[in-house]
Asks: 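Before we start, here is the structure in question, set down as structure tokens.
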Number of protein chains: 2
Amino acid sequence: MNDFADDHHSELLAQVASLYYEQDKTQNEIAAELSLSRVKVHRLLQEARSSGVVQITIHWPMSSDLELASALESRFGLQKAIVLRVRRADDPQTLPRLGQLTARFLESRLRQATTMAICVGRATYEVVHAISPDAQTKVQVAQAIGTMPRFYQKYDSSALVGQLAQKLGGGVSYLPSPLMADTPEAAHVIRSQRDIEEALHVARSADIALIGIGTLDPQTSGFVKTGLVDQAGLERLRREGAVGDMGWRMISADGQLFPADFDPRIIGLTLDDFQRIPMTIAVASGAVKAQAILGALRSGVINVLATDSETASLVLQAEAEITVDA
Amino acid sequence: MNDFADDHHSELLAQVASLYYEQDKTQNEIAAELSLSRVKVHRLLQEARSSGVVQITIHWPMSSDLELASALESRFGLQKAIVLRVRRADDPQTLPRLGQLTARFLESRLRQATTMAICVGRATYEVVHAISPDAQTKVQVAQAIGTMPRFYQKYDSSALVGQLAQKLGGGVSYLPSPLMADTPEAAHVIRSQRDIEEALHVARSADIALIGIGTLDPQTSGFVKTGLVDQAGLERLRREGAVGDMGWRMISADGQLFPADFDPRIIGLTLDDFQRIPMTIAVASGAVKAQAILGALRSGVINVLATDSETASLVLQAEAEITVDA
DNA sequence: CAATTCACTGTGCATTTGTTCAAAAGTAAT
DNA sequence: ATTACTTTTGAACAAATGCACAGTGAATTG
């Protein structure tokens with residue numbers, strides 16, 4: 001009953017909105033057509049806007065902040081920095097847009113590549129999502145870390161790998177293993193399996209790697225979301241000097257591998273592996289990631305960083321402060 | 001150079017649009033703030049709208065046409081008809097919306113199911129796309145027909161199956177075979193492979209099947225898009241009495257399997273297989289599909305039909321005409 | 001170099017839109 | 001049925017918007 005009435009009402013809203021916005025009629029014309037008063041039409045339009053029946057979206061042009069980019073490049077010796085210019089740091093559109101920008105860069109580099117290794121993550125998901133299916137570069141796509149448990153499906157590693165390979169029209173190398181074994185010994189056994197050894201070898205010998213950077217923020221951390229580490233554990237890691245992770249390898253503020261207790265149990269490429277890959281692209285955006293990004297940049301593992309202007313400023317600022325202190 | 005200027009211009013457009021539409025400032029206020037004349041602001045807003053920097057979308061409420069639905073149900077002995085009410089038949093939003101509506105129905109039926117078979121297609125893609133990832137029904141998803149060649153990746157059968165299984169949190173049964181073998185003999189060999197026999201068996205014993213309905217219209221036909229049949233061949237099929245296809249099996253106007261020359265070469269469920277599945281859901285929308293849908297309904301293979309009100313009317317009308325003639 | 005064109009600008013006025021307010025129409029409780 | 005209350009309505013006015021047109025200057029052409 002209520003549904004019925006509601007439905008009719010929002011249908012009216014949509015109808016008025018369509019006449020006004022799509023068919024460019026005046027409120028008076030609409031009022032006459034539907035035999036309503038003009039004021040009523042006006043109120044319906046107001047309601048349509050506020051209730052979301054009419055949605056007005058503004059497509060900001062995507063532009064890079066070249067100044068910040070070259071500042072990052074020279075400061076950290078990067079091959080390339082991609083800095084998406086943003087107005088507000090918390091804009092929910094930032095990550096998809098950064099993905100778009102990064103995807104374009106990646107597409108341009110993929111022509112000369114034969115194998116690409118990828119890690120899961122919200123940011124890398126967006127990059128893969130934004131890759132054009134016409135790219136068709138016949139690049140082999142390799143899963144660089146094991147599959148995570150209980151994670152939101154969208155960011156599942158193997159699915160991401162498959163999707164990308166399909167878009168690029170190339171082969172896939174899955175890493176058929178959990179992300180983390182229960183004990184270091186089990187991890188050793190798993191790593192020594194022929195299939196897994198081979199998959200890791202393929203990933204290691206990639207020309208390009210795409211990874212995300214994680215934080216120790218309990219709201220954001222993939223460690224908490226996957227249940228691999230609890231909030232208390234996260235807090236302890238932070239106290240002991242960890243600032244974030246790259247491909248699930250914890251790093252400290254100075255860019256060294258932080259020896260987390262679970263580190264030997266991870267199945268996937270190590271920081272050294274990533275360092276040996278000719279081009280390692282890290283994507284990360286958001287104020288909370290600034291410290292982690294700084295650590296990642298100092299590690300020397302990254303050749304290309306994609307981020308937003310807000311975060312880039314914070315990173316550069318933090319670097320300047322610490323350098324002055326020292 | 002030009003890029004730079006263009007970028008600045010559309011940035012201005014976006015800025016003005018944001019101030020006007022998001023921050024509800026008046027054109028006069030904006031003019032003052034950016035030191036432009038009010039007329040200029042007005043013109044920028046016009047340009048922003050016409051150039052697509054500002055996009056206004058109207059979300060029509062989704063409603064079913066229950067009258068048409070029950071007319072279809074009683075006329076063709078369907079378990080259920082889903083009829084999306086549409087205003088214009090050619091609205092590009094129709095298919096996604098129909099997918100949404102069908103997905104909701106499917107989700108409600110999936111709780112009692114253990115296995116679901118699906119066929120590729122634009123319409124079924126939309127249904128799968130609209131399934132909520134929280135559904136988590138642990139249903140096994142089975143690919144009901146082989147994988148097509150050279151098709152737009154988005155509609156690739158195996159990818160669709162994988163995506164759905166992931167959303168539903170259940171297992172997958174791939175059909176590792178091309179859609180069509182080169183000769184009937186080769187098809188026979190392929191079908192007799194253990195893996196394929198098994199995959200077909202899983203699909204056949206599904207509780208629910210989801211299929212699309214194809215037409216012989218050269219613009220729309222998947223046969224032409226995949227290059228399996230050329231336009232001339234399509235024309236010949238039409239002359240000989242075929243009206244469309246379900247899961248790549250051609251049907252005639254009276255709902256019989258039309259014996260196309262390529263039929264024995266297809267690897268996938270047959271019409272008889274689909275008929276034996278307790279609930280076969282067909283999704284199809286668009287005026288060009290009316291004849292094909294009519295044939296499909298008459299075949300008795302379908303238990304549930306999802307379509308739009310426009311197409312539903314055409315189908316009922318065509319049925320009435322032919323019945324009167326006879 | 002003048003002439004012509006063309007794209008762009010802003011003034012002034014007509015039209016459209018937004019707001020206010022008092023009256024009307026519901027609603028619920030006594 | 002009466003009261004006290006909220007909600008909805010549209011007339012009237014104020015504000016904002018849209019448009020036609022004339023003016024400006026830069027670029028192009030004879």
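Heavy-atom basis, side chains included; hydrogens, waters and symmetry copies ignored. In the text below, chain A, chain B and the rest are named by the order of the sequence lines, each starting its count at 1.
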Asks: Calculate the interatomic distance between A/D24 atom CG and C/dT17 atom C1'; express it in whole Å.
Replies: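 Going from A/D24 (CG) to C/dT17 (C1'), I get 15 Å.
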
Asks: In B/S/- notation, 5' to 3', how is nucleotides 10-26 of chain D contacted by protein heavy atoms closer than 4.0 Å?
Replies: BB----SBBS-------

Asks: Does B/S108 reach the main-chain N or O of B/F105 with its side chain, forming a donor-acceptor pair under 3.5 Å?
Replies: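 Looks like yes, one N/O pair under 3.5 Å.
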
Asks: By the definition side-chain contact (heavy atoms from CB on, under 4.5 Å), identify the one residue from B/E107, B/M116, B/R111 that meets it with B/T137.
Replies: B/R111

Asks: Decide whether B/T311 and B/D308 meet the rule of one side-chain donor and one side-chain acceptor closer than 3.5 Å.
Replies: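 There is such a pair between these side chains.
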
Asks: Does B/Q79 reach the main-chain N or O of B/V304 with its side chain, forming a donor-acceptor pair under 3.5 Å?
Replies: no

Asks: Does any N or O in the side chain of B/K167 come within less than 3.5 Å of the main-chain N or O of B/H129, such that one atom is a donor and the other an acceptor?
Replies: yes

